[in-house]
Amino acid sequence: MKIAVIAGAGPAGLTAAYELLKQTDIKPIVCEKTDAIGGISQTVEHHGNRMDIGGHRFFSKSDQVMNWWEQVMPLQAKPSKDDILLNETEKEFAKEGPDPEKEDRTMLLRRRVSRIFFLRKFFDYPISMKKETFLNMGFVRMMRAGFGYLWACVHKLPETSLENFYINRFGRPLYEMFFEDYTTKVWGVHPSKLGADWGSQRVKGLSIIAVLKDMWRKNFGKKDNSEVETSLIEQFIYPKYGPGQLWETVAKDIEKMGGEIRLESAVTGLKVERVKELKSERIKEVEITKADGTKETIKCDYFLSTMPIKDLVPAMQGIDVPEEVKTLAESLPYRDFITVGLLVNKMKIKNETKLKTYAERVPDTWIYIQERDVKIGRLQVFNNWSPYLVKDYEHTMWIGLEYFCTEGDALWNMNSKDFIEMAKDELAKIDIINKEDVLDACHVKIQKAYPAYYGSYYQLDTVRQFLDTITNLFCLGRNGQHRYNNMDHSMMTAFETVAHIKSGKIEDKKAIWNVNTETEYHESK
């Protein structure tokens with residue numbers, strides 16, 4: 001039996017393992033460095049409350065991905081249009097609570113609500129042309145934004161940076177209000193120093209024109225999600241117990257089908273050998289280092305890597321890696337991520353929208369914090385992702401404060417107690433909570449959460465060309481390709497990889513690398 005060793009138990013690695021078992025006779029052995037399933041799509045549990053790291057909407061314009069999710073976890077009976085946030089199931093749940101012993105393979109249908117918190121007021125995200133938007137902005141800002149947008153329509157800047165990308169689509173005043181500071185928080189680099197690539201992948205066709213078209217469709221036309229910018233979708237599906245539930249379910253299915261999942265097993269060495277008849281290199285053996293420091297060697301026929309390229313290249317043995325490739329791989333930039341979970345009696349902000357919510361709570365799944373006087377970048381309200389994430393849904397709110405940092409900086413090195421206190425102080429400062437309402441808290445750090453688009457990223461093709469010379473090596477997923485993929489794109493790289501292996505055409509990996517590079521479709525959180 002042929003063996004495929006897969007580095008990483010995130011969406012890409014698990015999808016590849018699942019599909020290999022479904023479509024081939026190749027046995028996958030998934031090696032995960034940490035003790036968690038799902039990568040950044042894991043669900044973290046703290047005292048009975050569950051936290052979605054980063055927030056994961058299950059929505060894709062790929063039918064293959066949507067059907068795959070539906071196969072693993074079918075959608076619950078669809079609630080009525082007006083009751084997506086407050087349906088009968090959730091009313092009953094608020095009284096009964098979850099049953100952790102019961103395996104419940106069910107997706108919920110959720111309403112997408114994301115807003116911007118700026119000037120201590122709420123703005124729609126993406127920015128809408130509603131009356132409330134103009135009232136919150138004030139007359140002077142509104143006039144500046146209008147004239148700035150008109151100027152941007154006739155005076156296009158060369159899209160040599162993310163800053164110019166945003167200005168071309170929204171005008172400079174709106175860019176400065178709603179994009180400049182938040183983007184700097186996320187990346188730690190000013191948008192003028194970031195490439196436009198990130199904008200084309202994450203914001204894609206979103207612009208004032210796209211917003212106006214969407215408003216027209218809502219009011220006068222038939223809503224068709226295939227024609228709507230992904231950032232404007234209104235609904236998504238979601239596992240009852242968070243994204244980790246789906247990937248934990250997939251991991252169990254993989255083991256039932258004969259695959260292996262090895263946690264706390266880091267890939268630390270790759271033995272590469274020259275195959276004379278093929279005039280190419282192949283990975284022959286994979287070295288695994290376990291949590292206790294012991295090592296194990298696994299022979300393999302294929303190696304699928306979702307590990308960061310920064311770690312992949314130094315692990316190679318038996319092959320002369322060009323110095324340029326070593327240097328570029330080592331210097332690839334990443335942003336790391338910290339979430340503080342706060343359990344509170346209540347939040348100070350209330351529901352002032354037209355949406356029905358439980359106990360008049362805010363309806364947002366997450367809120368972008370644009371305020372310049374705090375470090376927090378985004379706030380999640382887990383009650384609104386799924387009531388099953390909250391142990392006492394009826395009486396408490398479970399929220400997540402998201403911070404972007406770089407490993408080794410002041411935020412990353414701050415101890416948990418001090419960080420939690422800072423987080424509580426920041427939310428109190430911008431009038432979202434009262435500190436005395438905090439009942440419990442936790443602190444979670446995620447390394448290499450976001451591959452960054454600056455520095456040596458722009459020489460990534462040099463590294464890619466070298467990696468592609470190793471015929472049985474496949475790079476997939478977010479870190480495997482150093483690309484800001486969402487779940488669906490990571491899964492699509494896995495689909496492409498398995499298709500290549502199944503067909504036997506493993507030399508040309510262009511289609512795998514090309515996932516999430518086409519301009520007409522990109523998922524956006």
Side-chain angles (χ1 to χ4, degrees), residues 4-21 28-45 50-60 62 65 68-69 72-73 238-239 241-255 259-267 286 288 302-312 315 332 334-337 339 444-452 473-498 512-513 515-516 523 525:
V5 174
I6 301 174
L14 292 176
T15 301
Y18 189 93
E19 290 301 309
L20 283 171
L21 288 165
I29 300 176
V30 181
C31 299
E32 168 57 43
K33 180 180 179 180
T34 71
D35 62 354
I37 294 291
I40 197 174
S41 300
Q42 66 186 269
T43 301
V44 175
E45 184 174 354
R50 295 170 174 82
M51 184 159 55
D52 180 349
I53 302 297
H56 292 82
R57 298 192 194 109
F58 284 68
F59 172 85
S60 178
S62 165
V65 171
W68 199 92
W69 284 332
V72 175
M73 295 183 69
Y238 193 76
Y241 295 98
Q245 182 194 7
L246 181 134
W247 297 113
E248 289 159 13
T249 299
V250 171
K252 290 177 184 176
D253 288 348
I254 288 169
E255 292 180 321
E260 292 185 31
I261 308 286
R262 302 187 184 185
L263 300 180
E264 297 185 302
S265 300
V267 173
V286 179
I288 306 299
Y302 306 95
F303 180 67
L304 281 60
S305 175
T306 73
M307 61 194 289
I309 293 174
K310 190 172 190 173
D311 300 330
L312 172 68
L332 281 171
Y334 298 84
R335 284 292 271 176
D336 304 287
F337 185 79
T339 294
V444 179
K445 299 162 74 170
I446 302 291
Q447 291 177 303
K448 295 182 176 66
Y450 302 115
L473 166 65
F474 298 87
C475 296
L476 56 156
R478 175 178 283 193
N479 277 328
Q481 295 190 341
H482 199 86
R483 184 174 293 143
Y484 199 150
N485 290 326
N486 273 357
M487 277 191 303
D488 60 340
H489 292 115
S490 293
M491 293 172 65
M492 289 161 70
T493 63
F495 294 149
E496 286 288 351
T497 296
V498 173
I512 302 170
W513 287 99
V515 171
N516 196 17
E523 170 67 285
K525 288 186 182 178

### Task
Just do the side-chain contact (heavy atoms from CB on, under 4.5 Å) check on D311 and N479 with the steps written out, would you?
CA-CA 10 Å; D311 300 330; N479 277 328; over 6 Å; no

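- The two residues I288 and C31 make their nearest non-hydrogen contact at CD1-SG, 3.6 Å.
- Here the shortest heavy-atom pairing between H56 and I53 reads CE1-O, 2.8 Å.
- The ring pair (Phe, Tyr, Trp, His ring centres under 6.0 Å) test applied to Y238 returns W385, not counting sequence neighbours.
- Counting only heavy atoms from C-beta outward, the side chains of W513 and Q481 approach each other to under 4.5 Å.
- Residues C475 and I512 approach most closely at O-CG2, 3.7 Å, considering heavy atoms.
- By the 4.5 Å heavy-atom criterion applied to side chains, W68 and E19 are counted as neighbours.
- Between M492 and V65 there is a side-chain heavy-atom pair separated by less than 4.5 Å.
- Looking at every heavy atom in both residues, L21 comes nearest to G259 through CD1-N, 3.9 Å.
- The backbone N or O of G244 sits less than 3.5 Å from a side-chain atom of T43, completing a donor-acceptor pair.
- Rounding to the nearest 0.5 Å places OG1 of T493 at 12.0 Å from CZ of F474.
- Using the six-membered ring where Trp is involved, Y334 and H482 have ring planes that are perpendicular, over 60° apart on the 30 and 60° scheme.
- With contacts defined as side-chain heavy-atom distances shorter than 4.5 Å, the pair S305/L312 qualifies.
- From L304, atom CG reaches atom CD1 of I29 across 12.5 Å, with rounding to the nearest 0.5 Å.
- Side chains of L20 and Y302 form no contact here, defined as non-hydrogen atoms less than 4.5 Å apart.
- Remark: E260 pairs with K27, R262 by the salt bridge (charged side-chain N to carboxylate O under 4.0 Å, His left out) rule, at least two apart or across chains.
- When all heavy atoms are compared, the tightest approach of I261 to A251 is CG1-O, 4.0 Å.
- With K448 as the fixed residue, the side-chain contact (heavy atoms from CB on, under 4.5 Å) test singles out one of K310, M307, R478, R335: K310.
- Counting all heavy atoms, side chain and backbone alike, S60 lies closest to D488 at OG-OD2, 2.9 Å.
- Between L332 and P451 the shortest side-chain heavy-atom distance does not fall below 4.5 Å.
- Residues W69 and P239 fail the side-chain proximity criterion, which asks for heavy atoms closer than 4.5 Å.
- F303 is listed as a side-chain neighbour of V267, based on a closest heavy-atom distance under 4.5 Å.
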### Query
When you look at Y484 and H489, which way does the side-chain contact (heavy atoms from CB on, under 4.5 Å) test go after all the steps?
CA-CA 9 Å; Y484 199 150; H489 292 115; over 6 Å; no

### Derivation and outcome, side-chain contact (heavy atoms from CB on, under 4.5 Å), residues I446 and Q42
CA-CA 11 Å; I446 302 291; Q42 66 186 269; 4.2 Å; yes

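- Looking only at distances, no side-chain donor or acceptor of T15 sits under 3.5 Å from a matching main-chain atom of A12.
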### Task
Would you check, one step at a time, whether the test side-chain contact (heavy atoms from CB on, under 4.5 Å) holds for V44 with T339?
CA-CA 10 Å; V44 175; T339 294; over 6 Å; no

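- Side chain of T249 to main chain of W247: no donor-acceptor pair is present (N/O by atom type, distance under 3.5 Å, no hydrogens or angles).
- Residues passing the side chain to side chain donor-acceptor pair (under 3.5 Å) test with T34 are E32, sequence neighbours excluded.
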